[in-house]
Structure formats: C-alpha cells, structure tokens
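What follows is a set of notes on a single structure, which appears directly below.
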Amino acid sequence: MTAKLSSLSDGRIACLEGLVAQARTAAAVFTQYTQEDVDRIVKPMVLAGLEQAHHLARLAIEETRLGVLEDKTIKNMVATEFVYNYVRDKRTVGAIAEFPERGLTEVAEPIGIIFSITPITNPTSTVLFKCIMAIKTRNAVIFGPHPKAWRCCREAVRIMYETAVRHGAPEGVFTCLEEPTLEDNAYLMRHKDVRLIDATGGRGVVKAAYSSGKPALGVGPGNTPVYLEKTADIPMAVVDIITSKTFDNGTICASEQTVVIDDEIYDRVLNEFADLGAHICQGGEAEQLARVLIDAETGYPQPMAVGQKAVDIARAVGLRVKPNTKLLVAPIQGVGKEHPLSVEKLFPVLSVYRAKSVEEALKVCMDVNHAGGLGHTAVVFSRNEEIIRRFGEVIDAGRIIVNSPGSIGALGGVYNDMVPTFSFGCGTGGGNSTTDNVNVYHYLNIKRVARRTPAHMWFRVPNQIYFNLNAVENLRQFASRSTVIVTNPALEHMGHVDIVRRWIPSETLVRVLAIPDAEPEMKVILQGVEALKLSAADQIVALGGGSVIDAAKIMKLKYESPDADLEELASPFLDIRKRVVQFPTVKVHRARLIAAPTTSGTGSEVTPFAVLTDKASGRKVTLADYSLTPDVAIVDPQFVMSMPRRLTADTGIDCLTHALEAGVSIYASAYTDSNAMQAVRLVFQYLSAAYERPGDEEARSMMHNAACIAAMAFSNASVGVNHALAHALGARFGIAHGRANALMLPHVIAFNASVPSKFMPSPNQRAYVAHKKYALTADLLGLGGETIDEKVRNLVLAVEGLLDRLEIPNSIADLGISKEEFERAMPDLARNAFEDPSWRSNPRMPLIGELVELFWSAWRGRGRASVAKAS
Amino acid sequence: MPAHVDELIATIEKAIGRVDEVESELVLDFSPVQRLDPSAVTLLEKLAGKAQEKGVKVLLEGVSVEVYRVLKLAKLAQRFSFRG
C-alpha cells in the first residue's frame with residue numbers, strides 16, 4: 001500500500017497485510033492445481049457445508065437476530081448442494097472449452113486474490129457459496145463480513161477452510177476479518193494485490209466497491225415488482241408470493257415488494273391472501289405501517305424491521321393482527337416518495353396496487369422497477385404469453401421470474417433452470433457490470449487461444465465459356481422465346497449484330513438495343529430495362545466492349561429485381577463474403593446473360609463487376625457481386641479483328657495489368673495463379689503481333705483468350721495498387737484506363753517487389769511473396785537472371801520493352817502534363833488513389849506518401865525503376 | 001533439490017543456514033521441483049530476505065515454467081536469479 005489510512009492502527013494494517021500476503025502465496029501456489037485437484041477439494045467442502053447447515057443458520061440467527069432458522073438452514077443447503085450440482089461438471093481449470101471448427105480454445109486463468117464482502121441478511125449461505133466458487137476456480141478469498149454478522153461468517157469460513165486444506169487446498173486460501181470495520185474494507189478494496197472485489201450487501205458497500213477503481217462484482221438492493229395478471233393461476237400465484245415474501249422473513253433482495261393486480265381479480269386475490277394467513281391492511285393501517293417502518297427523511301426502511309416476523313412488526317407498529325399472521329398486505333395508490341411503502345422492504349410487508357388496465361399495470365411495474373430495483377428482479381404471473389413477452393421487454397431486470405416465487409426463483413436451480421447463486425448481477429441499471437446470476441465464470445479470467453484459420457477461398461467463373469474463331473455459333477444451343485441484343489451503333493453498323501442474329505435459333509423473337517459506346521448512365525439502363533420488359537426477354541446477349549457488357553449486367557439486375565437500389569448495392573466493403581449490403585435474390589423475371597466481348601482487355605464477360613456513371617452527380621458507381629457474372633461467355637476473335645491499334649495496345653496492357661496484379665494479390669491462390677501466369681505468357685507472346693499485324697488471326701485469338709483468362713484470375717483474386725493509381729490518374733486527366741495502367745505498371749512492379757514499409761494483413765499469406773512471384777513470372781517468360789532481384793529487374797525491363805513496342809508514351813510528362821499541373825493535381829490524385837478500394841488486395845499496403853512517389857515516378861517515366869531487395 | 005515437498009522444505013531451510021557461509025552466490029538446483037506449496041514459498045521469501053541482507057545472490061537453476069509462474073505471482077521472482 002502506498003497510502004496509509006490514518007484511521008487504521010499500525011497493528012491493524014500489519015494484520016491486513018498479513019492476510020493479503022497469505023492469500024497472495026495461496027493464490028500463486030493454487031495456479032499449479034489441476035481440474036481433478038480442485039474437484040477433489042470441492043466435494044468434501046459441500047458435504048461439510050450441508051452437515052453444518054443448521055449449525056451455521058443458528059449462529060446467524062443468534063448473531064443477527066434476522067430471519068427464520070429453518071429458512072436459513074435451507075439457504076445454507078441451497079448454497080452448497082444446488083451450487084455444487086451446477087459446478088461439479090464444469091471445467092474451470094486449463095482448457096475449459098474447445099471450438100475446433102473455429103480454431104479457438106478458451107483457457108481459464110484464476111483471478112488471484114478476491115476481497116469478498118458478505119451481507120447481514122444472508123451471511124453464512126453467501127460465505128459457503130463464495131468458498132465453493134473460489135476453490136473451483138483456484139482463487140484465494142479474504143472475507144469482509146458485515147460487522148453485525150462476522151462471528152457466524154468466521155465460523156462458516158473456518159469450516160470451509162479446514163475442509164479444503166484437509167483435502168489439499170493451499171494454506172491461506174481463505175481468511176476472514178474479525179471485528180471488521182469500514183476502514184478495513186476501504187484498505188483492502190484499494191490494496192494493489194487484491195484483484196477483484198465481490199461485494200454483496202447494501203447500497204453503501206456496493207458503491208464503495210465500484211468506487212475503489214478495482215474490477216468489482218457489486219450486487220446491491222432491488223425493488224421487485226410483480227404483475228398479477230387476470231389470466232394467472234391465482235391460488236398458485238398467492239401461495240408463491242407468500243412463500244417467497246415470508247422466506248427468511250423477506251431478507252432475500254429478490255423477494256416481492258409491490259404486487260400490481262388487475263382490477264378484475266383484485267378482490268379475489270386479496271381474499272386468497274387473507275385466507276392463507278395474510279393480514280390485509282384496512283382504513284389507515286397502511287399509512288400507519290409507512291409512518292413507522294419507513295424513514296420519512298431518507299425514504300428507506302428502518303433497519304429494525306429487516307428480517308422480522310409479520311406479527312412482531314404489526315405489534316411494533318400498533319396493528320392488531322391474528323397471532324398466526326404471516327404477511328402484512330398494504331394497499332398503495334402509487335409509487336414514489338408520496339407512497340413510502342413502494343420501496344424495497346426486506347421484511348414481510350407487501351404492497352399491492354389495483355390496476356385498471358394492462359397498460360396501467362405495466363406502467364406501475366415500471367415505476368416500482370425504477371424506484372430502486374433497476375436491473376434486479378421482477379415477477380409476472382400470467383397465462384398470456386403476449387403479456388409475459390411485453391413484461392420481459394419493458395421491465396429492466398436481470399431476472400424476470402415467470403409464474404414462480406421471486407426470491408427462490410431468482411436464486412436459480414429450484415423453480416427454473418437459471419444458474420444457482422447468492423449474488424444477483426443487476427446490470428448497468430443497478431450500477432453493475434453484469435445481469436447474470438454471479439457464478440464460477442465471474443471468478444475467472446477466460447483467455448482465448450485463437451489459432452490462425454485458413455480463409456475460405458473461392459474460384460467463381462461462368463460455367464460456360466466458348467472461345468476461338470466462330471465460337472459465336474454456340475448461340476444456337478440456347479433456347480429462348482425472346483432475346484434482346486444489347487450493343488452499340490458502331491458494332492451494328494459493322495455487321496457484328498447480324499452475325500450474332502444468325503446463330504440465335506430462328507423461333508426466337510430478337511430485338512436489338514443499341515446504346516451509346518460509353519460507360520453506361522442510369523437513363524440508358526432504365527431504357528434498357530423497359531426494352532427487356534417490353535420484349536418479356538428471357539435472354540440478353542451483350543455484344544460489345546466492357547461498357548456494353550457492364551450495361552447489360554445492370555439492366556439484367558434491374559429487370560430481374562426492380563427494387564434493387566444501385567446506390568445502396570454500391571456501398572463499399574472489405575470482404576465480399578461479409579458485405580453489409582446483399583444483392584437481391586428475389587427475382588420477378590429471369591433472363592440468361594450471354595456476353596460476347598468485342599475488345600480484348602476488360603474481361604467483363606467473366607467478371608462480377610459493372611461500372612455505372614451517374615451523370616447527375618458525376619459519380620461512378622461500381623457494383624461487385626458474383627450474381628452479376630454473365631451466365632455464358634463467347635470469346636470469339638472475329639469480333640476483335642478490326643480493333644484499332646491503339647485500342648489493341650491499351651486493352652492488351654489492361655489485360656497484362658490484371659494478370660500481374662492478380663498474381664501478387666493477397667487473395668491469389670493456385671487457381672488464380674494458373675490463370676494469371678498463362679495470361680501473362682500469352683500477352684508477351686502475342687500482344688506485339690496483334691498490335692503490329694492487326695490481321696494476325698492467331699495473335700488476335702490468343703489475346704482475346706488472354707483477356708478472358710486474366711479476368712478469371714482477377715475476378716477471384718482482385719487487382720491492386722496499379723489500378724487504384726490508374727483510376728485516379730485516368731479520371732483526373734482523361735487518360736484511357738489501359739493507358740493509365742501502362743504508365744504506372746513498371747513502377748508498381750518495382751514497388752511491390754521491394755521490402756514493404758507496411759505489410760498488408762492477410763490470413764491467406766504465410767510470407768511476403770510478391771517479389772518471388774514476379775521472379776517466377778520472369779522464369780515462365782524465360783527472361784533469365786540468377787537471383788530474385790535480377791529476375792524482377794528483368795521482368796520490369798521486359799514490361800518496359802513491351803510498352804515501347806506498343807508505342808505507349810514513356811511518361812505522364814510525355815502526355816503534355818507539366819510538372820506544375822501535376823503538382824497541383826497531386827493532393828487529389830493521392831487522396832483518390834488512397835480511397836480507391838483496388839489496393840486493398842495489393843501485397844503491400846501503400847502509404848499516401850508512397851502513392852505520391854509512384855505518381856512522380858510515372859511522371860518522370862520508365863527506364864528508371866529500381867528494385868529494392870525484398871528477399 | 002528434491003522433488004518431494006518435505007525434502008524441498010528441508011533443503012531450503014539448509015540453504016538459509018548456508019547464506020552465512022557463502023561469499024557471493026548460492027546456487028540451488030530446482031530442476032527436480034515440480035510443485036511449490038505455501039510453506040516452501042514462505043521459506044523462499046525468508047531465504048531471499050536473508051540473502052539480500054548478506055549481499056548474497058541466490059541462483060535458482062532449472063526452474064520449471066509452472067514453478068516460475070508461482071514465484072512471479074508471489075512476487076518472489078525478482079528476488080532471485082535464474083539459469084536454465
């Protein structure tokens with residue numbers, strides 16, 4: 001202790017320090033015990049408690065003058081036998097729960113020293129209960145009993161301690177303060193070696209426990225409302241209430257305080273109470289009770305009444321009652337200061353209220369609940385499930401006891417299947433940290449051993465992909481009543497649409513929808529949906545580049561699920577499997593989507609992505625969901641034979657970027673790698689030829705396949721920082737997507753191949769492998785090199801060589817963007833690139849400063865990329 | 001250092017007696033010790049106190065993880081040196 005409390009003598013402090021030292025040693029030694037060791041100790045303790053139940057009850061009655069001997073005996077037996085019945089098979093040492101499918105193990109860690117405060121109302125039973133819990137969980141306890149109940153508690157502790165030590169518990173595991181004072185409590189509550197305060201008692205002690213700055217289980221007073229509803233089993237309800245409220249003369253804090261009775265049954269209920277030995281207050285008797293029993297100033301009950309018999313209370317108040325009267329029933333007209341008997345009364349005086357309606361009854365129960373009983377206990381008697389449900393929802397109580405006695409019901413294990421306890425958690429309403437019936441798990445720190453779990457991976461692509469020259473002929477096998485061909489005017493003019501029509505079965509009604517060749521706008525989508533509805537389409541053929549195929553995907557979505565909210569569906573997400581907004585599964589129409597690309601780059605024919613431009617807001621909306629993936633892809637090179645050279649180059653590099661980024665993505669798998677690598681190989685083999693000799697059928701065909709294969713890779717492994725940079729650059733300076741990718745690509749390879757300043761969290765990756773995968777790609781391309789660094793450098797040089805052959809500008813500066821202009825744009829470029837979701841699958845996490853450096857590197861141009869060592 | 005608790009206690013008591021005899025370091029082999037009980041912990045505390053008083057370093061060899069945990073929780077670990 002750092003600060004000495006002046007009111008404690010040096011001798012007392014030495015005594016308290018001695019108790020803590022003993023407990024510290026015992027708690028330390030206790031950590032070596034196994035589950036079998038503690039279970040071997042607990043059982044004889046329980047038997048000793050049962051054996052001494054009556055003896056301890058007698059001591060408690062003699063010392064406290066509260067309660068009923070027989071009931072206190074039963075409480076001691078419940079505190080041992082019922083609690084043991086609950087804990088005996090519970091694992092509380094070492095691994096206590098295994099979740100193999102989640103790779104999780106829960107391991108019990110003892111708390112250490114617990115300072116436990118016990119009440120005057122349930123002194124010995126609370127001690128027995130806490131001793132059993134402490135041994136079961138390998139903790140040491142210093143007991144601080146109520147000053148008017150310390151002798152009986154000391155005896156209960158002695159019985160438990162001697163039995164425990166005799167069966168192997170460490171010496172010093174339990175100690176008990178003698179002649180305890182509030183100063184003792186304050187000292188121990190703040191002692192640095194006390195790990196937990198478990199305070200059961202009155203308002204003051206609970207508040208002190210929570211004010212100590214230590215973790216605490218503080219369980220204090222209640223004010224139990226009871227709703228006796230008209231459908232209830234009245235004889236049962238009245239017996240239960242009398243049993244509960246008179247148990248140990250009402251000292252259990254969960255016992256009934258105010259019974260709210262429906263008007264229809266009020267008189268019958270009161271007659272039933274009277275018949276069973278209750279005195280119903282008449283005339284001014286209730287006011288007389290309130291005057292004597294409740295302190296007018298504080299509103300709290302007089303301590304002299306606590307735990308006394310009904311006849312003794314009646315005599316003290318001056319009421320004339322029958323000699324065998326069990327309970328005094330006092331009608332009240334409301335709740336609050338003007339109605340003193342509406343508070344908690346730990347003696348056999350029960351308030352009753354006549355309610356004119358269910359609504360009034362529930363409100364009065366809430367008033368009682370809020371008048372000192374928040375979080376504690378409430379009771380409802382009813383056969384109406386709806387009433388029980390509403391009561392459970394509106395009343396703030398850790399225990400809602402249904403059709404059973406409140407006090408014994410709340411203890412658990414007798415009338416219901418709740419955990420047996422002598423400590424009722426009252427939740428935040430009662431200033432507590434739990435609403436549970438306090439049990440062994442509150443005496444443990446539960447550790448979670450979490451093993452690395454392999455993330456579930458996937459590889460999803462259309463189940464039919466037709467490729468090579470004349471693949472379009474496969475359209476004939478798809479039966480359709482009504483097909484809409486979505487395309488653009490240029491392709492219609494070039495005769496591509498006629499080729500498609502030729503292979504659609506003749507009985508199919510075909511309609512052509514030509515849309516502008518640009519990223520689709522909402523207006524275009526909605527027109528398309530109308531066209532689909534008008535044709536009652538069951539098949540859509542998207543013939544075009546990425547924009548046309550994207551438009552068809554969104555038209556299909558809105559046609560099948562008209563209520564789909566595109567803005568909402570475009571909400572950002574980190575993991576497609578855990579996304580907040582789900583794509584609709586309810587469909588009013590169904591249409592097969594067949595995608596036939598006329599460019600070799602985006603791979604939209606197999607991807608789950610679609611981009612929509614909202615012209616009104618000037619925003620691009622990116623949709624991503626596997627339900628957007630076309631059902632069938634037709635990769636027919638005849639549709640790309642006339643692609644312009646520049647478009648061939650740009651889309652080809654887009655394809656290469658897809659493949660290289662998917663290859664090093666944190667979501668890369670053997671499935672996506674095989675596609676990514678093959679696509680890279682095809683690009684290096686055929687892109688130059690397709691660019692230089694546009695009529696080269698083999699080159700065109702292989703590049704068309706490469707784009708589709710690369711798209712299968714990035715559909716499942718995603719892209720990376722190159723795309724984030726290209727999106728920002730393209731949007732700012734109006735640079736075609738493929739060209740923007742090309743300007744960044746060599747710089748990004750060098751960046752990803754170097755040692756990351758910040759690693760990307762990824763359960764899929766066991767090491768940083770981006771540089772090795774680039775080296776593997778270089779090997780596949782036969783680029784040579786001995787070391788990983790050499791191979792990566794050769795890959796960068798090969799990419800730069802390819803870009804040169806495709807006559808792609810060397811730098812952003814070569815596009816005519818001045819240094820000053822680029823500098824001005826940089827804050828927006830960096831922010832937009834950082835906000836772009838593409839880099840979230842990149843192997844290294846880019847810092848904003850690194851994005852800026854990458855932009856500047858690309859502005860200066862290629863031929864300068866250096867590769868730092870990552871190996 | 002014996003495995004049995006009674007023998008362990010006797011050995012620690014003997015070590016307390018030897019603190020006066022050694023010059024700078026007292027080495028105790030804890031490798032056979034599986035478990036400590038409160039009396040052993042109390043004696044170790046006494047040994048640590050006496051050793052500190054005499055300026056003798058007490059080196060515990062081969063302490064198991066479980067026993068080391070007990071010494072940590074009993075706030076004794078910082079009063080000894082450990083090897084092995």
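The sequence lines fix the lettering, A, B, ..., with proteins before strands; numbering per chain opens at 1.
For Arg766(A), the CZ atom is loosely surrounded, since the number of other residues' heavy atoms within 6.0 Å does not exceed 12. Atom CD of Glu51(A) is surrounded by 12 or fewer heavy atoms from other residues, nucleotides or ligands within 6.0 Å. The 12-atom threshold is exceeded at CZ of Arg88(A), counting heavy atoms of other residues, nucleotides or ligands nearer than 6.0 Å. Counting non-hydrogen atoms of other residues, nucleotides and ligands closer than 6.0 Å to CD of Gln78(B) gives a total above 12.
Taking OH from Tyr33(A) and CD from Glu66(B), the interatomic distance works out to 14.5 Å, rounded to the nearest 0.5 Å. To the nearest 0.5 Å, atom CG of residue Leu36(B) and atom CD of residue Gln32(A) are 5.5 Å apart. The line from CG of Asp37(A) to CZ of Arg35(B) is 4.5 Å long, rounded to the nearest 0.5 Å.
Closest non-hydrogen pair, Pro110(A) versus Arg69(B), comes out as CD-NH2, 4.2 Å. The shortest heavy-atom contact between Ala74(B) and Ala28(A) is N-CB, 3.8 Å.
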Using distance only, find each side-chain donor-acceptor pair of residues 44-58 of chain B under 3.5 Å and give its atom names and separation, not counting sequence neighbours.
| unit_1 | atom_1 | unit_2 | atom_2 | d |
| --- | --- | --- | --- | --- |
| Lys50(B) | NZ | Ile16(B) | O | 3.1 |
| Lys50(B) | NZ | Asp20(B) | OD2 | 3.3 |

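Put simply, the side chain of Lys75(B) reaches to within 4.5 Å of the side chain of Asp193(A), judged on heavy atoms.
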